[in-house]
Amino acid sequence: MHPYRTHSCGELRSGDVGTNVRVSGWVHRVRDHGGLLFIDLRDHYGLTQCVADPDSPAFKAVEDLRAEWVVRIDGEVRERSAETTNDRLPTGGVEVFIRDLEVLSKAQELPLPVFGEPDYPEETRLAYRFLDLRREGLHQRIVKRSQVIASLRQRMVGAGFTEFQTPILTASSPEGARDFLVPSRMHPGKFYALPQAPQQFKQLIMMAGFDRYFQIAPCFRDEDARADRSPGEFYQLDVEMSFVTQEDVFAAIEPVLRELFEEFAEGRRVSAEFPRIPYWRAMRLYGTDKPDLRNPIEMSDASHHFRGSGFKIFAGLLEKHASGREWTENAEVWAIPAKGGGSRAFCDRMNSWAQGEGQPGLGYIFFRDGEGAGPVAKNLGEKQTDQLRQELDLTDGDAVFFVAGIPKDFVEFSGRARDRIASDLELTQTDCFEFCWVVDFPMYEWKEDDKRIDFSHNPFSMPQGGLEALESKDPLDVLGYQYDIVCNGVELSSGAIRNHVPEIMLKAFEIAGYGADVVEKEFGGMLRALRFGAPPHGGIAPGLDRIVMLLAGTDNIREVTMFPMNQQAEDLLMGAPSEASPEQLKELHIRLSLPKTKAKPKSG
RNA sequence: GGGGGUGUAGCUCAGUUGGUUAGAGCGCUGGCCUGUCACGCCAGAGGCCGCGGGUUCGAGUCCCGUCACUCCCGCCA
């Protein structure tokens with residue numbers, strides 16, 4: 001007989017009644033009735049009730065068992081009576097009568113109970129992650145993550161993609177996130193960097209004549225964490241294809257993601273197709289470049305109703321800022337329709353919410369008794385108010401809110417107001433995944449802090465219109481072949497058709513303030529490759545952790561990560577980061593120069 | 001780097017206007033219990049009220065500082 005088990009803890013059924021079995025696992029729960037003892041034995045596969053009474057030779061030993069001890073149990077499978085069957089367990093029709101017991105490993109008193117998985121502080125959960133991972137919820141989410149990855153691999157291979165590994169020790173990249181650096185022992189004073197993404201490598205793979213590459217790629221960025229963003233490291237489904245247009249990338253990736261989500265949706269609806277929304281349209285309709293399409297509200301420009309109107313605040317704003325550049329200088333008034341929000345109580349609540357957000361307020365009209373009510377309506381006049389109502393397709397019981405000013409300044413707030421209104425009125429659908437492509441991102445943006453133009457997205461993207469656009473247009477008007485996938489308001493990935501023409505690349509960087517010498521130095525390998533026959537290519541990189549988060553229905557990335565670090569980028573279980581020994585530092589030719597203030601007395 | 005929240009038993013939390021010996025549930029330990037599956041009943045142990053300072057006759061409670069965790073901003077092409 002096998003030293004540990006003949007069956008797993010999730011396996012026994014009534015067909016096994018009468019057989020002698022051996023099971024091993026953790027003591028999930030003990031129920032001691034004095035003359036009768038129940039042990040719920042747990043392993044990765046499930047839970048089996050084991051029972052002992054004074055007739056059992058192991059009875060005394062069973063009485064000593066404690067939670068989370070690891071034991072081997074030998075015994076006979078017995079049918080449970082109708083009254084004692086547990087329908088909530090797959091193994092609930094049977095139990096194992098314990099004849100022999102071996103304690104394989106004892107456990108101290110638990111800092112974190114496994115049974116019942118009550119809420120526990122995250123610090124404790126991370127320090128005792130191995131216990132946390134035994135708990136059913138997290139255990140299942142990690143299994144789901146593995147299944148999602150397996151499914152993605154299978155779908156990508158099925159779609160003709162090939163998986164390649166790329167280096168972990170590579171060169172620092174001057175733009176983008178802060179790099180993690182790894183000192184070189186053989187080259188004193190020089191450092192490797194961990195890849196922020198395999199961006200340049202996947203392009204080089206295309207230039208090397210491969211096609212349709214993918215990788216479940218680890219990415220490293222030394223930036224601060226968020227609930228939906230791990231500190232340090234995360235994974236992407238990294239994808240690149242040759243001789244493709246933007247539409248080809250969409251056609252390859254959209255079915256993979258849709259079918260993946262359908263596979264794991266558990267009844268939740270998935271977008272039949274992903275609408276394409278140009279960046280500027282998304283900003284105007286939803287106030288964000290990652291719109292949550294479960295929210296049906298679409299905003300619109302209502303400036304024409306207020307220009308020269310009796311509502312002097314808005315009319316004055318519109319008149320004062322009218323002769324400059326659209327979006328960044330000219331004032332506009334945007335309308336946020338709120339179906340079912342037509343009560344003074346609701347409108348006032350939204351208004352005070354807006355004030356709590358640091359806004360002057362949120363203008364509104366609400367419709368009742370066939371007319372508009374509220375201070376805005378009063379000043380705007382009956383005729384204009386009714387025209388507005390008709391244009392927005394509103395009726396009694398509805399409301400409309402207004403944000404006014406310079407769009408670039410209020411757009412972010414308008415997006416939050418749209419979310420807030422929809423969630424308060426319960427207009428936002430649940431139990432579905434609403435995808436879209438956001439396309440036509442601008443190549444450049446104005447960095448107010450540095451007073452200069454910078455890449456707004458990916459510097460390796462192909463500008464729409466090519467070299468001619470870069471040379472003839474205002475850089476801020478140049479769009480890129482750059483796109484995002486957004487699901488339920490979460491940015492899942494961004495991608496682009498790449499710039500494979502060295503002249504266009506040099507020009508694109510020049511506009512962002514990088515001279516040819518800098519580009520040659522920092523991206524020499526890439527430029528060299530572009531000069532020896534580079535195919536037009538493009539790709540995308542969906543964030544794996546966020547995909548699993550969405551599918552698992554959690555809003556914290558640590559709930560779908562096996563061994564996450566805390567917000568301070570510390571691994572509380574393994575004790576990382578840790579100090580290096582003087583010998584290690586010497587080998588690396590590194591001398592520490594520590595900040596003075598940080599002598600930490602450990603308290604609290 | 002900045003802002004918000006939290007910090008009382010191992011855990012979740014209560015703790016009145018500043019006033020006696022800081023409580024409850026879960027967990028833990030011991031006892032009883034032969035059909036439970038959130039077993040039940042009885043008893044017990046367990047507290048630098050995050051830490052430091054201040055106000056006060058008196059501080060878990062008020063003030064200042066500090067530390068830790070967490071959420072957000074910056075940052076993350």
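Everything numeric here is computed off the predicted structure, so don't read it as measured data. Lettering follows sequence order; numbering is per chain, from 1.
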Look through every strand shown and name the nucleotide pairing with [N] as Watson-Crick or G-U wobble, where both distances are under 3.5 Å.
{"N": "B:rA38", "value": "none"}
{"N": "B:rA9", "value": "none"}
{"N": "B:rC62", "value": "B:rG54"}
{"N": "B:rG44", "value": "B:rC28"}
{"N": "B:rG18", "value": "none"}

Could a donor-acceptor pair under 3.5 angstrom be found where the side chain of [X] meets the base of [N]?
{"X": "A:Asn86", "N": "B:rC37", "value": "yes"}
{"X": "A:Arg229", "N": "B:rC76", "value": "yes"}
{"X": "A:Arg80", "N": "B:rC37", "value": "yes"}
{"X": "A:Gln49", "N": "B:rU36", "value": "yes"}
{"X": "A:Asp32", "N": "B:rC33", "value": "yes"}

> Using the rule for Phe, Tyr, His and the six-membered ring of Trp, do A:His33 and B:rU36 stack at under 5.5 Å and under 30°?
Replying inline: no
Any base atoms under 4.0 Å from [X], or only sugar-phosphate, or nothing? Heavy atoms, all strands.
{"X": "A:Glu122", "answer": "sugar-phosphate"}
{"X": "A:Glu95", "answer": "base"}
{"X": "A:Asp228", "answer": "nothing"}
{"X": "A:Gln567", "answer": "base"}
{"X": "A:Thr85", "answer": "base"}
{"X": "A:Arg226", "answer": "base"}
{"X": "A:Ser456", "answer": "sugar-phosphate"}
{"X": "A:Arg125", "answer": "nothing"}
{"X": "A:Asp119", "answer": "sugar-phosphate"}

> Between A:Phe38 and A:Ala227, which is nearer to the 5' end of RNA chain B once each is assigned its nearest nucleotide?
Replying inline: A:Phe38
> Mapping A:Asp40 and A:Ala67 to their closest nucleotides on RNA chain B, which lands nearer the 5' end?
Replying inline: A:Ala67
Candidates [options] - which lies nearest the side chain of [X]:
{"X": "A:Tyr120", "options": "B:rC11, B:rU34, B:rC69", "result": "B:rC11"}
{"X": "A:Glu123", "options": "B:rA38, B:rC11, B:rC69", "result": "B:rC69"}
{"X": "A:Glu223", "options": "B:rC69, B:rA38, B:rC75", "result": "B:rC75"}
{"X": "A:Arg66", "options": "B:rC76, B:rG27, B:rU29", "result": "B:rU29"}

> Tell me: CD of A:Glu109 to C1' of B:rC28, nearest whole Å?
Replying inline: 5 Å
[X] side-chain N/O to [N] phosphate OP1/OP2 under 4.0 Å:
{"X": "A:Arg558", "N": "B:rC71", "answer": "yes"}
{"X": "A:Arg88", "N": "B:rA38", "answer": "yes"}
{"X": "A:Asn566", "N": "B:rA68", "answer": "no"}
{"X": "A:Arg31", "N": "B:rU36", "answer": "no"}

> Quick one: are the ring centres of A:Phe523 and A:Phe509 less than 6.0 Å apart?
Replying inline: yes
>> Counting the benzene-type ring for Trp, do A:Tyr483 and A:Phe441 have ring centres under 6.0 Å apart?
In response: no
>> Distance to the ring centre below 6.0 angstrom and angle to the axis at most 45 degrees; does that hold for A:Arg125 and A:Tyr120?
In response: no
> Parallel, tilted or perpendicular for A:His28 and A:Phe115, by the 30°/60° rule?
Replying inline: perpendicular
> How are the rings of A:Phe413 and A:Trp353 set to each other: parallel, tilted or perpendicular (split at 30° and 60°)?
Replying inline: parallel
> What residue among A:Asp132, A:Leu131, A:Thr561 forms side chain to side chain contact (heavy atoms under 4.5 Å, CB included) with A:Leu138?
Replying inline: A:Asp132
> Would you find more than 12 non-hydrogen atoms of other residues, nucleotides or ligands less than 6.0 Å from A:Tyr235 atom OH?
Replying inline: no
